[in-house]
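Letters go in sequence order (proteins before strands), and every chain restarts at 1.
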There are 2 protein chains.
Amino acid sequence: MTATKKRRREPPRSYHHGDLRRSLIEAALELLAEEQNWNFSLREVARRARVSHNAPYNHFADKQQLLAAVAASGFLTLRDRMRRAIEGVDRPDAALVKTGVVYVRFGIENPAFYKLMFGSVLGSGEAERPEDLVKAADAAKSILTEIIERGASSAVFPRLRNDPKRIQLAALAAWSIVHGFTMLAIDGLADGLPRRAFNAAAEQVAQTFANGLKASPFQSENKENTRV
Amino acid sequence: MTATKKRRREPPRSYHHGDLRRSLIEAALELLAEEQNWNFSLREVARRARVSHNAPYNHFADKQQLLAAVAASGFLTLRDRMRRAIEGVDRPDAALVKTGVVYVRFGIENPAFYKLMFGSVLGSGEAERPEDLVKAADAAKSILTEIIERGASSAVFPRLRNDPKRIQLAALAAWSIVHGFTMLAIDGLADGLPRRAFNAAAEQVAQTFANGLKASPFQSENKENTRV
DNA sequence: CGAGAATGTAGGCGGTGTCAACATAGAGGG
DNA sequence: CCCTCTATGTTGACACCGCCTACATTCTCG
């Protein structure tokens with residue numbers, strides 16, 4: 001163990017690498033940031049990690065698995081950022097807004113990374129999706145869910161009044177709008193905006209959503225005005 | 001011209017193909033549907049079109065451009081479906097809901113296709129994005145915008161009261177929530193749902209959104225409760 | 001300390017994207 | 001009507017890729 005730690009701080013000399021798995025993920029992240037897509041070759045990743053073109057196969061079954069690991073790491077850092085953003089924020093509505101803003105900003109600042117997180121999942125009918133990735137995504141989602149649960153049980157979001165089904169739907173809707181907005185912003189399809197006003201717009205979107213949950217349940221037409 | 005038409009209905013015999021560009025797009029669509037991803041090779045596309053592996057380069061600068069053309073075609077058929085869904089529907093709120101439902105269904109039924117539409121756009125800082133693709137996406141968006149404009153000018157969506165900025169934002173928010181919901185549904189991240197209830201959930205989401213626009217502007221806290 | 005599991009390297013195979021050189025077909029002016 | 005020009009296909013080649021098998025080195029732990 002001490003040997004491993006040592007190897008990680010001095011330039012990896014020896015035959016064995018120490019923590020190649022992590023290095024590969026980091027190299028992939030570099031390439032992702034540089035080229036803004038994930039068409040880079042697995043061999044190039046290996047080169048960056050100063051390792052033969054076949055070494056990665058000891059850690060990942062194929063390229064797809066590497067990308068999935070990168071994606072998973074993305075969900076985890078996103079979760080951490082959201083978590084840090086709401087430290088010490090007590091009011092659930094304020095927390096929800098902060099979370100949304102941080103989320104959108106993360107996506108806009110790391111467009112390729114963000115797209116990879118959702119894009120690499122594809123193909124997978126359902127089961128092919130690596131468990132780590134699903135877990136990481138759930139971890140990120142759970143931040144939203146927790147906030148909404150908190151608001152529901154403390155009467156800040158009276159519309160949800162502790163109905164677990166409504167809470168789930170509210171979380172899903174929250175994620176939907178924030179995710180959709182982020183994707184459109186990344187793709188430059190949000191033309192209506194003054195180009196630099198993304199932060200403000202993101203805050204408005206998040207704010208509006210929170211307000212929707214705060215409003216007391218009054219509407220008549222549809223019994224399911226639970227969220228949005 | 002008549003010669004061209006003839007060649008398109010009998011098995012393409014001659015040296016020249018007639019409408020290879022379209023054939024390539026169709027072949028790519030087939031592969032996309034079969035493999036549920038766009039990792040198929042350009043050469044395979046050429047094979048399906050019964051053409052040498054280099055013929056595509058007479059119509060597309062590279063593989064990316066082919067994919068972009070496929071994506072553009074996707075936006076156009078999506079637009080058509082939405083348009084057909086609201087034929088004869090007069091009330092803007094009802095039209096908005098129908099549009100949303102059709103949109104989500106399209107995404108869920110053609111997950112890889114839908115993801116390609118948004119996924120292939122990447123990399124492009126802004127200008128690399130082929131103009132055709134941008135146009136097609138705008139054409140799809142314009143359906144939403146038109147409905148919302150109609151509702152705004154006919155007082156069905158009083159919150160927007162003909163403020164063009166609010167209308168733009170409302171359209172963007174509408175697209176955001178529908179797009180986000182679709183993506184999450186595709187990725188199976190909408191666990192809260194009974195698995196088959198997507199249609200119902202989609203309708204609820206759309207309905208709620210429309211309701212949000214219909215409600216009269218009453219909220220106090222934030223002057224910008226324009227949408228959602 | 002010695003065997004076996006982990007983890008690395010070397011080399012090869014079929015396939016890929018793209019380029020360059022050449023072939024054929026259709027269109028339009030002499 | 002022919003003859004050239006251009007659009008569109010074809011063939012061949014190159015470097016590179018993903019992934020496989022075989023082999024080498026190191027680590028672990030009984």
Given side chains that start at C-beta, do those of Leu67(A) and Phe60(A) come closer than 4.5 Å, heavy atoms only?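 The answer is no; the side chains never approach within 4.5 Å.
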Whole-Å distance separating the [atom1] atom of [X] from the [atom2] atom of [N]:
X	N	atom1	atom2	answer
Arg48(A)	dC17(D)	CZ	P	12 Å
Tyr57(B)	dT16(C)	OH	P	12 Å
Arg21(B)	dG9(D)	CZ	P	12 Å
Phe60(A)	dG18(D)	CZ	P	14 Å
Gln64(A)	dG18(D)	CD	C1'	13 Å
Leu20(A)	dT26(D)	CG	P	16 Å
Asn58(B)	dT24(C)	CG	P	16 Å
Phe40(B)	dT16(C)	CZ	P	12 Å

Between Phe118(B) and His179(B), is the ring centre distance below 6.0 Å?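 Yes, close enough.
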Centroid separation under 6.0 Å, is that true for the rings of Phe75(A) and Tyr114(A)?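 Here the rings of Phe75(A) and Tyr114(A) have centres that are no less than 6.0 Å from each other.
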Look for any protein N or O under 3.5 Å of an N or O in nucleotides 10-13 of chain C and output each such pair with its distance, or none.
from, atom 1, to, atom 2, distance (Å)
dA10(C), N6, Asn54(A), ND2, 2.4
dG11(C), O6, His53(A), NE2, 2.8
dG11(C), O6, Asn54(A), ND2, 2.8

Closest approach of Val89(A) to Ala85(A) (non-hydrogen atoms, all atoms of both residues):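 The answer is CG2-O, 4.0 Å.
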For Ala61(A) and His59(B), find the nucleotide of DNA chain D closest to each by heavy atoms; which residue's nucleotide sits nearer the 5' end?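 Checking each residue's closest nucleotide, the 5'-ward one belongs to His59(B).
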Closest approach to the side chain of [X], judged atom by atom: which nucleotide of [options] is it?
X	options	value
Leu42(A)	dG9(D), dT18(C), dG18(D)	dG18(D)
Ser41(A)	dG18(D), dT8(D), dG8(C)	dG18(D)
Lys63(B)	dT9(C), dG17(C), dC19(D)	dG17(C)

Arg47(B) near the nucleic acid: base, sugar-phosphate alone, or nothing, with a heavy-atom cut-off under 4.0 Å?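 Here Arg47(B) touches the backbone only, sparing every base.
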Could you name each residue pair satisfying salt bridge (charged side-chain N to carboxylate O under 4.0 Å, His left out) that touches residues 56-80 of chain B, not counting sequence neighbours?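 For residues 56-80 of chain B: none.
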Do side-chain atoms of Ser142(A) reach the backbone of Thr145(A) as a donor and acceptor pair under 3.5 angstrom?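 Answer holds: no.
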Verdict with reasoning, Phe113(B) to Val70(B), per side chain to side chain contact (heavy atoms under 4.5 Å, CB included): CA-CA 9 Å; Phe113(B) 194 13; Val70(B) 173; 3.8 Å; yes
